[in-house]
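First comes the structure, then the notes that go with it.
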Protein chains: 2
Amino acid sequence: MTTAVRVLLADDEHLIRGALAALLSLEEDLVVVAEAATGPEALAMARAHAPDVAVLDLQMPGADGVKVATSLRTELPGCKVLIVTSHGRPGHLKRALAAGVRGFVPKTVSAQRLAELIRTVHAGNRYVDPELAADAISAGDSPLTAREAEVLEHAADGAPVAEIAERAALAEGTVRNYLSSAATKLGAENRHAAVRLARERGWV
Amino acid sequence: MTTAVRVLLADDEHLIRGALAALLSLEEDLVVVAEAATGPEALAMARAHAPDVAVLDLQMPGADGVKVATSLRTELPGCKVLIVTSHGRPGHLKRALAAGVRGFVPKTVSAQRLAELIRTVHAGNRYVDPELAADAISAGDSPLTAREAEVLEHAADGAPVAEIAERAALAEGTVRNYLSSAATKLGAENRHAAVRLARERGWV
DNA sequence: GGCCCCGTCTGACATTTGTCATGGCTGGTG
DNA sequence: CACCAGCCATGACAAATGTCAGACGGGGCC
(Lines give C-alpha, C1' and ligand atoms only; values in the text may rest on other atoms or scores of the structure.)
Protein backbone atom coordinates (compact mmCIF):
# COMPACT_ATOMS: atom_id res chain seq x y z
CA MET A 1 0.00 0.00 0.00
CA THR A 2 1.13 3.56 -0.61
CA THR A 3 1.89 5.82 2.34
CA ALA A 4 -1.18 7.14 4.20
CA VAL A 5 -2.80 10.51 3.51
CA ARG A 6 -1.60 13.02 6.11
CA VAL A 7 -4.50 15.16 7.36
CA LEU A 8 -4.66 18.45 9.28
CA LEU A 9 -7.88 18.99 11.24
CA ALA A 10 -8.96 22.52 12.22
CA ASP A 11 -12.17 23.27 14.11
CA ASP A 12 -12.73 25.38 17.18
CA GLU A 13 -15.00 22.81 18.79
CA HIS A 14 -12.86 20.39 20.70
CA LEU A 15 -15.66 17.88 20.92
CA ILE A 16 -16.04 17.62 17.18
CA ARG A 17 -12.37 17.81 16.40
CA GLY A 18 -11.50 15.03 18.78
CA ALA A 19 -14.37 12.84 17.69
CA LEU A 20 -13.51 13.40 14.06
CA ALA A 21 -9.85 12.62 14.61
CA ALA A 22 -10.83 9.36 16.27
CA LEU A 23 -13.16 8.36 13.46
CA LEU A 24 -10.77 9.26 10.68
CA SER A 25 -8.04 7.29 12.38
CA LEU A 26 -10.15 4.19 11.94
CA GLU A 27 -9.55 4.54 8.21
CA GLU A 28 -6.34 2.72 7.41
CA ASP A 29 -5.22 5.05 4.68
CA LEU A 30 -5.75 8.29 6.64
CA VAL A 31 -3.65 9.68 9.45
CA VAL A 32 -4.37 12.88 11.38
CA VAL A 33 -0.99 14.53 11.84
CA ALA A 34 -2.11 17.79 13.45
CA GLU A 35 -5.10 19.55 15.00
CA ALA A 36 -5.88 23.24 15.46
CA ALA A 37 -8.61 25.29 17.14
CA THR A 38 -8.04 28.67 15.49
CA GLY A 39 -7.14 30.08 12.08
CA PRO A 40 -3.61 31.18 12.94
CA GLU A 41 -2.98 27.91 14.76
CA ALA A 42 -4.10 26.00 11.67
CA LEU A 43 -1.61 27.94 9.58
CA ALA A 44 1.22 27.29 12.02
CA MET A 45 0.38 23.60 12.17
CA ALA A 46 0.25 23.38 8.40
CA ARG A 47 3.68 24.97 8.10
CA ALA A 48 5.09 22.61 10.70
CA HIS A 49 3.61 19.37 9.39
CA ALA A 50 3.01 20.02 5.70
CA PRO A 51 -0.14 17.83 5.50
CA ASP A 52 -1.53 16.42 2.26
CA VAL A 53 -5.07 17.57 3.03
CA ALA A 54 -6.31 20.31 5.38
CA VAL A 55 -9.86 19.92 6.67
CA LEU A 56 -10.89 23.41 7.82
CA ASP A 57 -13.99 24.65 9.59
CA LEU A 58 -15.37 27.75 7.89
CA GLN A 59 -15.91 29.68 11.09
CA MET A 60 -12.98 29.78 13.47
CA PRO A 61 -11.59 32.44 15.79
CA GLY A 62 -8.72 34.47 14.38
CA ALA A 63 -9.08 33.79 10.68
CA ASP A 64 -11.82 31.89 8.88
CA GLY A 65 -11.26 28.83 6.75
CA VAL A 66 -11.16 30.74 3.50
CA LYS A 67 -8.45 33.11 4.76
CA VAL A 68 -6.38 30.17 5.92
CA ALA A 69 -6.92 28.51 2.55
CA THR A 70 -5.69 31.63 0.77
CA SER A 71 -2.48 31.67 2.77
CA LEU A 72 -1.97 27.94 2.34
CA ARG A 73 -2.32 28.22 -1.39
CA THR A 74 0.88 30.23 -1.72
CA GLU A 75 2.80 28.68 1.16
CA LEU A 76 1.94 25.03 0.60
CA PRO A 77 0.63 24.61 -2.95
CA GLY A 78 0.68 20.83 -2.57
CA CYS A 79 -1.74 20.90 0.36
CA LYS A 80 -5.34 20.38 -0.74
CA VAL A 81 -8.00 22.20 1.26
CA LEU A 82 -11.40 20.78 2.18
CA ILE A 83 -13.80 23.19 3.89
CA VAL A 84 -16.48 21.97 6.27
CA THR A 85 -19.24 24.27 7.50
CA SER A 86 -22.38 24.31 9.61
CA HIS A 87 -24.18 27.20 7.96
CA GLY A 88 -23.55 27.27 4.24
CA ARG A 89 -23.77 30.72 2.76
CA PRO A 90 -23.61 30.92 -1.04
CA GLY A 91 -21.04 33.72 -1.09
CA HIS A 92 -18.66 31.76 1.07
CA LEU A 93 -18.60 28.95 -1.42
CA LYS A 94 -17.69 31.37 -4.18
CA ARG A 95 -14.94 32.93 -2.09
CA ALA A 96 -13.68 29.52 -1.14
CA LEU A 97 -13.42 28.33 -4.72
CA ALA A 98 -11.65 31.55 -5.65
CA ALA A 99 -9.16 30.78 -2.88
CA GLY A 100 -8.32 27.46 -4.48
CA VAL A 101 -10.31 25.27 -2.11
CA ARG A 102 -10.82 21.75 -3.49
CA GLY A 103 -13.84 20.67 -1.52
CA PHE A 104 -16.76 22.33 0.28
CA VAL A 105 -19.31 20.36 2.30
CA PRO A 106 -21.79 20.92 5.14
CA LYS A 107 -21.31 19.27 8.52
CA THR A 108 -24.40 17.20 7.87
CA VAL A 109 -22.35 14.67 5.91
CA SER A 110 -21.35 11.46 7.64
CA ALA A 111 -17.82 10.72 8.79
CA GLN A 112 -17.65 7.88 6.29
CA ARG A 113 -18.48 10.31 3.50
CA LEU A 114 -15.94 12.80 4.79
CA ALA A 115 -13.24 10.16 4.66
CA GLU A 116 -14.14 9.44 1.04
CA LEU A 117 -13.99 13.13 0.24
CA ILE A 118 -10.57 13.48 1.80
CA ARG A 119 -9.39 10.79 -0.60
CA THR A 120 -11.18 12.52 -3.46
CA VAL A 121 -9.50 15.88 -2.98
CA HIS A 122 -6.19 14.21 -2.24
CA ALA A 123 -6.44 12.50 -5.63
CA GLY A 124 -6.63 15.96 -7.17
CA ASN A 125 -10.37 16.04 -7.80
CA ARG A 126 -12.86 18.61 -6.59
CA TYR A 127 -16.10 18.15 -4.74
CA VAL A 128 -18.81 20.63 -3.80
CA ASP A 129 -21.99 19.66 -1.99
CA PRO A 130 -24.74 19.71 -4.65
CA GLU A 131 -27.22 21.54 -2.45
CA LEU A 132 -24.77 24.27 -1.52
CA ALA A 133 -23.79 24.58 -5.17
CA ALA A 134 -27.44 24.99 -6.17
CA ASP A 135 -27.89 27.69 -3.55
CA ALA A 136 -24.82 29.50 -4.77
CA ILE A 137 -25.99 29.39 -8.36
CA SER A 138 -29.51 30.53 -7.58
CA ALA A 139 -28.17 33.31 -5.36
CA GLY A 140 -25.92 34.38 -8.21
CA ASP A 141 -23.22 37.02 -8.10
CA SER A 142 -23.30 39.95 -5.78
CA PRO A 143 -25.01 42.87 -7.51
CA LEU A 144 -23.22 45.28 -5.20
CA THR A 145 -20.40 47.51 -6.35
CA ALA A 146 -17.17 47.66 -4.37
CA ARG A 147 -18.14 50.81 -2.53
CA GLU A 148 -21.62 49.60 -1.78
CA ALA A 149 -20.27 46.44 -0.20
CA GLU A 150 -17.67 48.40 1.73
CA VAL A 151 -20.18 50.84 3.14
CA LEU A 152 -22.59 48.03 3.93
CA GLU A 153 -19.90 46.28 5.93
CA HIS A 154 -19.24 49.38 7.95
CA ALA A 155 -22.97 49.64 8.60
CA ALA A 156 -23.12 46.05 9.81
CA ASP A 157 -23.00 46.74 13.53
CA GLY A 158 -25.68 49.43 13.44
CA ALA A 159 -23.34 52.38 13.41
CA PRO A 160 -24.82 55.78 12.51
CA VAL A 161 -24.14 57.26 9.08
CA ALA A 162 -21.76 59.90 10.43
CA GLU A 163 -19.44 57.22 11.80
CA ILE A 164 -19.52 55.22 8.58
CA ALA A 165 -18.79 58.36 6.60
CA GLU A 166 -15.74 59.05 8.72
CA ARG A 167 -14.40 55.52 8.51
CA ALA A 168 -14.92 55.38 4.76
CA ALA A 169 -13.74 58.97 4.21
CA LEU A 170 -16.90 59.93 2.34
CA ALA A 171 -19.55 62.61 2.66
CA GLU A 172 -22.61 61.57 4.63
CA GLY A 173 -24.80 62.07 1.61
CA THR A 174 -22.65 59.67 -0.36
CA VAL A 175 -22.85 57.04 2.31
CA ARG A 176 -26.63 57.35 2.44
CA ASN A 177 -26.68 57.04 -1.32
CA TYR A 178 -24.68 53.80 -1.34
CA LEU A 179 -26.74 52.33 1.44
CA SER A 180 -29.89 53.26 -0.38
CA SER A 181 -28.80 51.76 -3.68
CA ALA A 182 -27.56 48.61 -1.97
CA ALA A 183 -30.90 48.24 -0.21
CA THR A 184 -32.75 48.73 -3.49
CA LYS A 185 -30.62 46.14 -5.29
CA LEU A 186 -31.22 43.64 -2.51
CA GLY A 187 -34.94 44.41 -2.35
CA ALA A 188 -34.64 45.46 1.28
CA GLU A 189 -36.79 47.99 3.11
CA ASN A 190 -33.80 49.72 4.70
CA ARG A 191 -30.09 49.30 5.21
CA HIS A 192 -30.42 47.05 8.21
CA ALA A 193 -32.51 44.53 6.38
CA ALA A 194 -30.01 44.92 3.53
CA VAL A 195 -27.14 44.01 5.82
CA ARG A 196 -29.03 40.94 6.96
CA LEU A 197 -29.75 39.80 3.40
CA ALA A 198 -26.20 40.42 2.22
CA ARG A 199 -24.96 38.41 5.20
CA GLU A 200 -27.27 35.51 4.39
CA ARG A 201 -26.03 35.39 0.83
CA GLY A 202 -22.43 35.77 1.91
CA TRP A 203 -21.96 38.98 -0.03
CA VAL A 204 -20.31 40.90 2.72
CA MET B 1 -21.57 -3.86 36.93
CA THR B 2 -24.92 -2.07 36.84
CA THR B 3 -26.76 -1.73 33.57
CA ALA B 4 -25.30 0.86 31.17
CA VAL B 5 -26.52 4.46 30.93
CA ARG B 6 -28.90 4.79 27.98
CA VAL B 7 -28.17 7.96 25.99
CA LEU B 8 -30.14 9.92 23.40
CA LEU B 9 -28.03 12.06 21.06
CA ALA B 10 -29.60 15.02 19.23
CA ASP B 11 -27.64 17.32 16.92
CA ASP B 12 -28.42 18.48 13.42
CA GLU B 13 -24.89 17.90 12.20
CA HIS B 14 -24.58 14.28 11.12
CA LEU B 15 -20.83 14.49 11.18
CA ILE B 16 -20.71 15.42 14.82
CA ARG B 17 -23.53 13.19 15.92
CA GLY B 18 -22.03 10.15 14.29
CA ALA B 19 -18.56 10.86 15.57
CA LEU B 20 -19.88 11.46 19.03
CA ALA B 21 -21.93 8.29 19.02
CA ALA B 22 -18.84 6.33 18.06
CA LEU B 23 -16.71 7.88 20.80
CA LEU B 24 -19.29 7.47 23.52
CA SER B 25 -19.74 3.86 22.54
CA LEU B 26 -16.13 3.29 23.48
CA GLU B 27 -17.13 3.95 27.07
CA GLU B 28 -18.25 0.69 28.54
CA ASP B 29 -20.91 2.11 30.78
CA LEU B 30 -22.59 4.26 28.11
CA VAL B 31 -24.82 3.15 25.27
CA VAL B 32 -26.33 5.41 22.62
CA VAL B 33 -29.86 4.11 22.12
CA ALA B 34 -31.15 6.77 19.75
CA GLU B 35 -30.09 9.69 17.56
CA ALA B 36 -32.05 12.67 16.21
CA ALA B 37 -31.35 15.58 13.86
CA THR B 38 -34.23 17.88 14.77
CA GLY B 39 -36.13 19.00 17.85
CA PRO B 40 -39.36 17.13 17.10
CA GLU B 41 -37.39 14.06 16.12
CA ALA B 42 -35.55 14.19 19.43
CA LEU B 43 -38.85 14.27 21.26
CA ALA B 44 -40.22 11.35 19.30
CA MET B 45 -37.06 9.34 19.91
CA ALA B 46 -37.16 10.11 23.60
CA ARG B 47 -40.75 8.92 23.84
CA ALA B 48 -39.89 5.74 21.99
CA HIS B 49 -36.71 4.83 23.85
CA ALA B 50 -37.05 6.53 27.25
CA PRO B 51 -33.30 7.22 27.63
CA ASP B 52 -31.61 7.94 30.95
CA VAL B 53 -29.81 10.99 29.61
CA ALA B 54 -30.60 13.21 26.62
CA VAL B 55 -27.67 15.09 25.10
CA LEU B 56 -29.22 17.96 23.12
CA ASP B 57 -27.69 20.54 20.83
CA LEU B 58 -28.98 24.01 21.65
CA GLN B 59 -29.63 25.00 18.07
CA MET B 60 -31.60 22.51 16.02
CA PRO B 61 -34.22 22.87 13.30
CA GLY B 62 -37.82 22.61 14.49
CA ALA B 63 -37.42 23.21 18.19
CA ASP B 64 -34.29 24.19 20.09
CA GLY B 65 -32.78 22.18 22.91
CA VAL B 66 -34.47 24.17 25.64
CA LYS B 67 -37.94 23.65 24.14
CA VAL B 68 -37.29 19.94 23.86
CA ALA B 69 -36.08 19.92 27.47
CA THR B 70 -39.26 21.64 28.60
CA SER B 71 -41.41 18.99 26.94
CA LEU B 72 -39.25 16.17 28.26
CA ARG B 73 -39.52 17.43 31.79
CA THR B 74 -43.23 16.69 31.96
CA GLU B 75 -43.29 13.66 29.67
CA LEU B 76 -40.21 11.86 30.97
CA PRO B 77 -39.29 13.27 34.37
CA GLY B 78 -36.69 10.57 34.85
CA CYS B 79 -34.74 11.61 31.77
CA LYS B 80 -31.89 13.98 32.63
CA VAL B 81 -31.05 16.62 30.03
CA LEU B 82 -27.55 17.76 29.12
CA ILE B 83 -27.34 20.69 26.71
CA VAL B 84 -24.35 21.16 24.41
CA THR B 85 -23.84 24.37 22.45
CA SER B 86 -21.42 26.08 20.09
CA HIS B 87 -22.25 29.69 20.88
CA GLY B 88 -23.12 30.13 24.53
CA ARG B 89 -25.44 33.03 25.15
CA PRO B 90 -26.07 33.92 28.79
CA GLY B 91 -29.84 34.11 28.38
CA HIS B 92 -30.00 30.61 26.99
CA LEU B 93 -28.34 29.20 30.07
CA LYS B 94 -30.92 30.87 32.26
CA ARG B 95 -33.79 29.57 30.17
CA ALA B 96 -32.24 26.13 30.15
CA LEU B 97 -31.93 25.96 33.92
CA ALA B 98 -35.52 27.17 34.24
CA ALA B 99 -36.52 24.27 31.99
CA GLY B 100 -34.95 21.80 34.38
CA VAL B 101 -31.80 21.10 32.39
CA ARG B 102 -29.16 19.31 34.48
CA GLY B 103 -26.06 20.21 32.52
CA PHE B 104 -24.94 22.96 30.13
CA VAL B 105 -21.57 22.89 28.36
CA PRO B 106 -19.92 24.37 25.24
CA LYS B 107 -18.82 22.14 22.39
CA THR B 108 -15.23 23.00 23.19
CA VAL B 109 -15.12 20.26 25.85
CA SER B 110 -13.44 16.98 24.98
CA ALA B 111 -15.39 13.78 24.36
CA GLN B 112 -13.77 12.28 27.44
CA ARG B 113 -15.10 15.13 29.53
CA LEU B 114 -18.55 14.80 27.96
CA ALA B 115 -18.67 11.15 28.93
CA GLU B 116 -17.86 12.10 32.52
CA LEU B 117 -20.59 14.71 32.48
CA ILE B 118 -23.14 12.25 31.20
CA ARG B 119 -22.36 10.12 34.24
CA THR B 120 -22.50 13.19 36.47
CA VAL B 121 -26.00 14.24 35.41
CA HIS B 122 -27.15 10.63 35.38
CA ALA B 123 -26.11 10.40 39.02
CA GLY B 124 -28.50 13.26 39.72
CA ASN B 125 -25.91 16.03 39.96
CA ARG B 126 -25.82 19.25 37.98
CA TYR B 127 -23.00 20.76 36.00
CA VAL B 128 -22.68 24.11 34.27
CA ASP B 129 -19.56 25.23 32.45
CA PRO B 130 -17.85 27.76 34.76
CA GLU B 131 -17.12 30.21 31.99
CA LEU B 132 -20.68 30.20 30.71
CA ALA B 133 -21.94 30.57 34.25
CA ALA B 134 -19.68 33.59 34.79
CA ASP B 135 -20.96 35.16 31.59
CA ALA B 136 -24.54 34.58 32.63
CA ILE B 137 -23.97 36.13 36.04
CA SER B 138 -22.13 39.16 34.72
CA ALA B 139 -24.75 39.66 32.02
CA GLY B 140 -27.43 39.46 34.70
CA ASP B 141 -31.14 39.54 34.13
CA SER B 142 -32.74 41.19 31.18
CA PRO B 143 -33.53 44.80 32.07
CA LEU B 144 -36.20 44.88 29.38
CA THR B 145 -39.89 44.93 30.16
CA ALA B 146 -42.24 42.53 28.41
CA ARG B 147 -43.34 45.07 25.83
CA GLU B 148 -39.83 46.27 25.16
CA ALA B 149 -38.67 42.75 24.46
CA GLU B 150 -41.71 42.08 22.29
CA VAL B 151 -41.22 45.18 20.19
CA LEU B 152 -37.50 44.51 19.92
CA GLU B 153 -38.21 41.06 18.57
CA HIS B 154 -40.49 42.44 15.91
CA ALA B 155 -37.76 44.92 15.00
CA ALA B 156 -35.21 42.13 14.64
CA ASP B 157 -35.38 41.75 10.89
CA GLY B 158 -35.07 45.46 10.18
CA ALA B 159 -38.76 46.13 9.68
CA PRO B 160 -39.88 49.79 9.67
CA VAL B 161 -41.70 51.15 12.71
CA ALA B 162 -45.06 51.25 10.93
CA GLU B 163 -44.97 47.51 10.36
CA ILE B 164 -43.95 46.79 13.94
CA ALA B 165 -46.75 49.02 15.18
CA GLU B 166 -49.28 47.11 13.14
CA ARG B 167 -48.06 43.71 14.27
CA ALA B 168 -47.95 44.77 17.91
CA ALA B 169 -51.23 46.75 17.68
CA LEU B 170 -49.64 49.90 19.05
CA ALA B 171 -49.32 53.51 17.94
CA GLU B 172 -46.10 54.29 16.07
CA GLY B 173 -45.06 56.73 18.72
CA THR B 174 -45.37 54.03 21.36
CA VAL B 175 -43.25 51.64 19.39
CA ARG B 176 -40.56 54.27 18.95
CA ASN B 177 -40.72 54.92 22.65
CA TYR B 178 -40.15 51.26 23.56
CA LEU B 179 -37.36 50.89 21.06
CA SER B 180 -35.73 54.01 22.39
CA SER B 181 -35.93 52.94 26.02
CA ALA B 182 -34.68 49.46 25.18
CA ALA B 183 -31.72 50.96 23.33
CA THR B 184 -30.96 53.22 26.29
CA LYS B 185 -31.10 50.33 28.77
CA LEU B 186 -28.75 48.29 26.59
CA GLY B 187 -26.42 51.21 26.01
CA ALA B 188 -26.92 51.01 22.26
CA GLU B 189 -26.71 53.83 19.73
CA ASN B 190 -29.95 52.84 18.01
CA ARG B 191 -32.46 50.03 17.88
CA HIS B 192 -30.50 47.94 15.44
CA ALA B 193 -27.46 47.84 17.66
CA ALA B 194 -29.87 47.14 20.52
CA VAL B 195 -31.25 44.11 18.69
CA ARG B 196 -27.73 42.84 18.17
CA LEU B 197 -26.81 43.25 21.84
CA ALA B 198 -30.00 41.67 23.10
CA ARG B 199 -29.37 38.73 20.76
CA GLU B 200 -25.84 38.31 22.07
CA ARG B 201 -27.03 38.21 25.65
CA GLY B 202 -29.88 35.87 24.80
CA TRP B 203 -32.53 38.35 25.94
CA VAL B 204 -34.72 38.07 22.88
C1' DG C 1 -11.82 61.04 -31.63
C1' DG C 2 -16.57 61.01 -30.09
C1' DC C 3 -20.11 58.54 -27.79
C1' DC C 4 -22.38 56.23 -24.14
C1' DC C 5 -22.66 53.52 -20.05
C1' DC C 6 -21.44 52.75 -15.41
C1' DG C 7 -19.49 53.64 -11.06
C1' DT C 8 -18.36 57.36 -7.90
C1' DC C 9 -19.62 61.27 -5.35
C1' DT C 10 -22.32 65.27 -3.73
C1' DG C 11 -25.99 68.45 -1.70
C1' DA C 12 -31.07 69.42 -1.23
C1' DC C 13 -35.44 67.67 0.05
C1' DA C 14 -38.97 64.26 1.98
C1' DT C 15 -39.59 60.62 5.15
C1' DT C 16 -38.56 57.90 9.04
C1' DT C 17 -36.76 57.45 13.51
C1' DG C 18 -35.34 58.91 18.26
C1' DT C 19 -36.36 61.89 22.34
C1' DC C 20 -39.12 64.19 25.53
C1' DA C 21 -43.01 65.60 28.49
C1' DT C 22 -47.11 63.90 29.87
C1' DG C 23 -51.21 61.12 31.53
C1' DG C 24 -53.65 56.79 32.81
C1' DC C 25 -53.42 52.42 35.11
C1' DT C 26 -51.97 48.74 38.47
C1' DG C 27 -49.81 46.82 42.53
C1' DG C 28 -47.27 47.24 46.66
C1' DT C 29 -46.57 49.99 51.19
C1' DG C 30 -47.35 52.78 55.26
C1' DC D 1 -57.30 54.97 51.99
C1' DA D 2 -53.56 57.74 50.16
C1' DC D 3 -49.23 57.48 48.29
C1' DC D 4 -45.51 56.13 45.42
C1' DA D 5 -43.12 53.50 41.91
C1' DG D 6 -43.10 51.31 37.65
C1' DC D 7 -45.10 49.95 33.29
C1' DC D 8 -47.97 51.17 29.38
C1' DA D 9 -49.32 54.38 26.00
C1' DT D 10 -49.47 58.71 23.21
C1' DG D 11 -48.42 62.98 20.36
C1' DA D 12 -45.23 66.84 19.31
C1' DC D 13 -40.70 68.11 18.16
C1' DA D 14 -35.74 67.40 16.81
C1' DA D 15 -32.40 64.49 14.58
C1' DA D 16 -31.07 60.85 11.56
C1' DT D 17 -32.05 58.39 7.42
C1' DG D 18 -33.65 57.50 2.66
C1' DT D 19 -34.49 59.44 -2.04
C1' DC D 20 -33.61 62.22 -5.89
C1' DA D 21 -31.43 64.79 -9.73
C1' DG D 22 -27.25 65.70 -11.32
C1' DA D 23 -21.84 66.46 -11.93
C1' DC D 24 -17.42 64.21 -12.84
C1' DG D 25 -14.32 60.72 -14.77
C1' DG D 26 -12.74 56.31 -16.80
C1' DG D 27 -13.36 52.27 -20.01
C1' DG D 28 -15.41 49.97 -23.91
C1' DC D 29 -17.18 50.53 -28.64
C1' DC D 30 -18.11 52.43 -33.26
Side-chain angles (χ1 to χ4, degrees), chain A residues 91 94-95 98 139-204, chain B residues 91 94-95 98 139-204:
Chain A
K94 184 169 284 279
R95 280 199 306 135
D141 279 341
S142 170
L144 305 176
T145 68
R147 286 277 186 272
E148 284 164 357
E150 181 190 341
V151 169
L152 208 54
E153 265 185 273
H154 283 131
D157 55 358
V161 171
E163 197 178 315
I164 302 171
E166 196 184 352
R167 284 197 287 183
L170 287 173
E172 293 193 12
T174 310
V175 170
R176 285 198 287 272
N177 187 224
Y178 284 139
L179 290 173
S180 178
S181 87
T184 303
K185 283 178 180 174
L186 270 53
E189 289 276 339
N190 55 46
R191 65 202 170 105
H192 305 285
V195 166
R196 206 170 42 78
L197 287 172
R199 275 268 158 78
E200 280 175 18
R201 292 169 171 64
W203 288 340
V204 294
Chain B
K94 184 170 285 281
R95 280 198 305 135
D141 279 342
S142 170
L144 304 176
T145 68
R147 287 274 186 264
E148 284 164 358
E150 181 191 341
V151 170
L152 208 53
E153 265 187 273
H154 283 132
D157 56 356
V161 171
E163 197 178 317
I164 303 170
E166 196 183 353
R167 284 197 285 183
L170 287 174
E172 295 194 10
T174 310
V175 171
R176 286 198 287 272
N177 187 225
Y178 284 138
L179 291 172
S180 179
S181 86
T184 303
K185 283 177 180 175
L186 270 54
E189 290 275 339
N190 55 47
R191 65 201 168 105
H192 304 286
V195 166
R196 208 168 42 78
L197 287 172
R199 276 267 159 79
E200 281 175 17
R201 291 168 171 64
W203 289 339
V204 293

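Reminder, nothing fancy here: chain letters follow the sequence lines and each chain counts from 1.
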All heavy atoms of B:A194 vs all of B:A188, minimum pair found to be N-CB, 3.5 Å
Between A:V161 and A:E172, which heavy-atom pair has the shortest distance, and what is it?
-> CG1-O, 3.9 Å
Between A:T174 and C:dT10, does any side-chain N or O lie under 4.0 Å from OP1 or OP2?
-> yes
Of the candidate nucleotides C:dG11, D:dA9, D:dC8, which contains the atom at the shortest distance from the side chain of B:T145?
-> D:dC8
Using atom CG of B:L144 as one end and atom P of D:dG6 as the other, report the distance to the nearest whole Å.
-> 16 Å
Every protein N/O within reach of nucleotides 18-22 of chain D N/O, cut-off under 3.5 Å:
| residue | atom | partner | partner atom | Å |
| --- | --- | --- | --- | --- |
| D:dG18 | OP1 | A:R191 | N | 3.4 |
| D:dG18 | OP2 | A:R191 | NE | 3.0 |
| D:dG18 | N7 | A:R176 | NE | 3.1 |
| D:dG18 | O6 | A:R176 | NE | 3.3 |
| D:dT19 | OP2 | A:S180 | OG | 2.7 |

Within the structure, does a side-chain N or O atom of A:R147 lie under 4.0 Å from either OP1 or OP2 of C:dC9?
-> yes
Evaluate side chain to side chain contact (heavy atoms under 4.5 Å, CB included) for B:H154 paired with B:V151, printing each intermediate quantity in order.
-> CA-CA 5 Å; B:H154 283 132; B:V151 170; 5.6 Å; no
With nearest nucleotides of DNA chain D determined for B:E148 and B:E172 from heavy-atom distances, which residue corresponds to the more 5′ nucleotide?
-> B:E148
Of all the heavy-atom pairs spanning A:L186 and A:P143, show the shortest one and how long it is.
-> CD1-CG, 4.1 Å
Over all heavy atoms of both residues, which pair between B:P160 and A:N190 is shortest? Give the atoms and the distance, please.
-> N-ND2, 4.4 Å
Closest non-hydrogen atom pair between B:R191 and B:A159, with its separation | NH1-O, 3.5 Å
